[in-house]
Amino acid sequence: MKIFNTLAGSKEAFTPLKQGRVGMYVCGVTVYDRCHVGHARSAVVFDVVYRYLRHSGYDVTYVRNFTDIDDKIIRRANEEGVSAREIAERYIAAFYEDMDALGVLRPTREPRATEHVPEMIAHVEALVERGHAYAVDGDVYFDVGSYPPYGKLSRRPLDELASGARVDVDPRKRSPLDFALWKASKPGEPSWPSPWGPGRPGWHIECTVMGQKYLGPTLDIHGGGLDLVFPHHENEVAQAEAASGEPFVRVWMHNGFVNINQEKMSKSLGNFFTIRDVLRQVHPEVLRFFLLSHHYRSPLDYSEGAVREAAAGLERLYGLLGRIGEALDGRDAPAQVPVAELSNGARATHEAVLGLLFQFEDAMNDDFNTAEALGHLHRCARQVGSFLHEGCEPSPKNLAVLRYAAQSVRGLGGVLGLLQAPPEAYFGAVKQGAVEARGLDPAEVEAKIAERNRARKEKDWMRADAVRDELAALGVVLEDGPAGTTWKLK
RNA sequence: GGCGCCAUCGCCAAGUGGUAAGGCAGAGGUCUGCAAAACCUCUAUCCCCGGUUCGAAUCCGGGUGGCGCCUCCA
């Protein structure tokens, strides 16, 4: 397995510190507002990393934190006249609502900053003792000058960084680059007692301490959005390594941004869509599929049209699973595929499925290339669909091939967190969502269909088509099948 | 200003030395009362200019265009 390591600037063969075990930490969210699609990408991407590592046989300890104390949370709490705690709880609940909808698995551990303050204080004390940090008026800063490798993750020379510092420099800091490990609290703000007076931890120290607490001094993988490389992750490296003297992280992984019209989606630009907004329009699995249809390090341009296209692609895969289900029709199929006795079509199909198993893993082993993996899934689906279309008779041999195909497609889909719903359930949910979004009455649609079918029986094509046009104007598309007429929304 | 990333069919998107996956959209076809769905077939030489190589979308140099980080940020 190869993974692109930000620290190395290239893909590297992945070998965890302890054979067969992986310790992985991903920066979670600061809970002061609803999450947007950018947060969704990060969560989904690392969810797939987690799933795939487990699929590959690793025993994974996955830690993702909640930053539940921070300036923005405090500001929000003051605005609303409630406690910081209340704000945090509210948005943690909202976060789970979004993540559950997207099929993001719960990490092994989800530590909250406020529950690890004593450990953070101890870490800061250790840094002070070793001469890597200094206290001023109740604040404690990391002394970047005391740690020469500073800048190695983001590849920035120290002097350049210093001259590039643009914000008003705090004269109490030895270097403009020094960052807060501990912040003295203002009256009325949440605070914890410390050797430097009442205060709260800085943002960077939270992740370092929580990561090391649950995963040890060296993490196999540490992930987050590209925007965290500097300064957040750079600072984490400095804090951790200055204290422990050991490498903090073996592989740094960073996901690319979600853009709107080529521009980064962000709170400050105001060009964001919350996950909840998007899920009012599309099935959550469509959003997940959309996010995984691009390589995780590439920028991804979000638009309604792009998501609609993703919906069409996902629908194709679910449609195939649905048709396989119909072909199997609840019948038993041999567990073993009798490869030697297959017809040409069945053999080609079975070979495509077997090939898929390897191609999928090759793609995923190459830095989690989900876009390529999905391509393989589609190509295989086409072969299976073709086999199905040729009217493969329901012989035990053919059924065995089909069942194995469905199993494989669903199984690999599961590695991506996709295709786990029964197809009818998926299509039902999509339809239900669309019906609600447009305020249609399904009973009325059914009545129209019945009217049309009466006309069709009488071969009154004019009237039948008129009814169909009427429904089409509402966005309802009819499909006449052997089992009757079904409808969906375009 | 510093550092870095990107540029592949109408759109989206894989592919990092051996002759362009996949999806969407489009065209033609099979099927259908007609449609829809499904299936089949078709559509690129990879931003420009130089170089390295038997061979480059893939490596190097130079352009052009876009983006990101350097400040809270997934």
Side-chain angles (χ1 to χ4, degrees), chain A residues 6 9-11 26-30 32 35-46 70-72 75 151 154-157 159-168 177 203 223-232 234 254-259 262-269 272 289-290 293-295 297-301 303 305-317 319-320 323 359 363 366 369-382 385-391 456 459-462 464-465 468-469 472 477-481 485-488 490:
Chain A
T6 305
S10 61
K11 288 182 197 172
V26 174
C27 290
V29 290
T30 300
Y32 73 105
C35 288
H36 62 232
V37 178
H39 300 106
R41 184 179 197 190
S42 184
V44 167
V45 159
F46 288 106
D70 153 280
D71 290 341
K72 291 190 289 283
R75 189 182 350 115
S154 52
R155 282 192 198 69
R156 289 155 205 263
D159 49 344
E160 200 177 87
L161 273 173
S163 64
R166 290 184 288 166
V167 213
D168 29 8
L177 291 174
W203 175 41
L226 237 192
D227 46 1
L228 298 184
V229 175
F230 190 90
H232 184 50
E234 191 70 62
H254 294 98
N255 64 278
F257 300 128
V258 174
N259 294 160
Q262 322 270 304
E263 243 182 7
K264 180 184 169 187
M265 177 186 291
S266 72
K267 294 301 277 270
S268 42
L269 288 171
F272 62 92
F289 181 88
F290 170 68
S293 64
H294 301 61
H295 186 89
R297 283 189 286 116
S298 307
L300 188 168
D301 220 52
S303 70
V307 172
R308 266 200 303 276
E309 284 179 16
L314 215 215
E315 193 167 305
R316 195 178 169 80
L317 293 175
L320 177 86
R323 271 175 290 120
Q359 291 154 355
D366 186 11
N369 195 334
T370 54
E372 190 187 341
L374 285 173
H376 293 310
L377 221 40
H378 273 287
R379 193 147 36 78
C380 179
R382 195 164 62 183
S386 171
F387 177 48
L388 224 37
H389 186 77
E390 282 159 14
R456 291 175 69 211
K459 297 203 187 300
D460 183 352
W461 309 125
M462 291 280 283
D465 289 353
R468 187 169 60 195
D469 290 346
V477 181
L478 302 184
E479 292 177 21
D480 298 324
T485 302
T486 59
W487 60 282
K488 63 177 190 177
K490 218 16 179 195

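Numbers restart at 1 for each chain; the letters A, B, ... are given by sequence-line order, proteins then strands.
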Touch check for [X], heavy atoms < 4.0 angstrom, all strands: base, sugar-phosphate only, or nothing?
| X | result |
| --- | --- |
| Asp480(A) | base |
| His254(A) | nothing |
| Leu478(A) | base |
| Gly305(A) | nothing |
| Phe257(A) | base |
| Arg297(A) | nothing |
| Thr486(A) | nothing |
| Gly38(A) | base |
| Val258(A) | base |
| Val477(A) | sugar-phosphate |
| Glu390(A) | nothing |

Can you tell me, in whole Å, how much space there is between the [atom1] of [N] and that of [M]?
| N | M | atom1 | answer |
| --- | --- | --- | --- |
| rA13(B) | rC49(B) | P | 24 Å |
| rA44(B) | rU19(B) | C1' | 14 Å |
| rU45(B) | rG10(B) | P | 10 Å |
| rG18(B) | rU30(B) | P | 41 Å |
| rC42(B) | rA35(B) | P | 24 Å |
| rA27(B) | rU64(B) | C1' | 35 Å |
| rU58(B) | rG15(B) | P | 14 Å |
| rC60(B) | rC24(B) | P | 35 Å |

Pairing check on [N]: which nucleotide meets the Watson-Crick or G-U wobble criteria with it, both distances under 3.5 Å?
| N | value |
| --- | --- |
| rU16(B) | none |
| rU41(B) | rA27(B) |
| rU71(B) | none |
| rG55(B) | none |
| rG61(B) | rC49(B) |
| rA21(B) | none |
| rC34(B) | none |
| rC5(B) | rG66(B) |

Using atom [atom1] of [X] as one end and atom [atom2] of [N] as the other, report the distance to the nearest whole Å.
| X | N | atom1 | atom2 | result |
| --- | --- | --- | --- | --- |
| Asp71(A) | rU71(B) | CG | C1' | 13 Å |
| Leu226(A) | rC70(B) | CG | C1' | 13 Å |
| Asp469(A) | rC34(B) | CG | C1' | 11 Å |
| Glu315(A) | rA37(B) | CD | P | 10 Å |
| Glu234(A) | rC73(B) | CD | C1' | 17 Å |
| Asn259(A) | rA7(B) | CG | C1' | 14 Å |
| Lys459(A) | rU32(B) | NZ | C1' | 12 Å |
| His294(A) | rC6(B) | NE2 | C1' | 14 Å |

Self-check item: 5' priority, RNA chain B, between Asn255(A) and Asp465(A) [closest heavy atom]
Solution: Asp465(A)
Exercise. Select from Pro299(A) and Met462(A) the residue whose nearest nucleotide in RNA chain B is closer to the 5' end of that strand.
Key: Pro299(A)
When you measure from the side chain of [X], which nucleotide among [options] comes out closest?
| X | options | value |
| --- | --- | --- |
| Ala464(A) | rA38(B), rG68(B), rG33(B) | rG33(B) |
| Asp366(A) | rU16(B), rC39(B), rA74(B) | rU16(B) |
| Arg323(A) | rC72(B), rC39(B), rA74(B) | rC39(B) |

When you compare the side chain of [Y] with that of [X], does any pair of heavy atoms fall below 4.5 Å?
| X | Y | answer |
| --- | --- | --- |
| His36(A) | Lys267(A) | yes |
| Glu234(A) | Arg156(A) | no |
| Asp71(A) | Trp203(A) | no |

Does [X] put a side-chain nitrogen or oxygen below 4.0 Å from OP1 or OP2 of [N]?
| X | N | value |
| --- | --- | --- |
| Lys267(A) | rA74(B) | no |
| Asn369(A) | rG15(B) | yes |
| Trp461(A) | rA35(B) | no |

Exercise. Could you list the residues that satisfy side chain to side chain donor-acceptor pair (under 3.5 Å) with Ser266(A), not counting sequence neighbours?
Key: Ser268(A)
Quiz item: For His294(A), which residues count as a side chain to side chain donor-acceptor pair (under 3.5 Å) partner, sequence neighbours excluded?
Solution: none
Quiz item: So His378(A) and Phe289(A), would you call those rings parallel, tilted or perpendicular, with 30° and 60° as cut-offs?
Solution: perpendicular
Quiz item: CZ of Arg382(A) to CZ of Arg316(A): how many Å apart, nearest 0.5 Å?
Solution: 7.0 Å
Quiz item: Got a donor-acceptor pair under 3.5 Å from the side chain of Arg41(A) to the base of rA74(B)?
Solution: no
Practice problem: Let me have a per-nucleotide readout for nucleotides 21-30 of chain B, 5' to 3', with B, S or -, counting only protein heavy atoms under 4.0 Å. | Solution: BSBS------
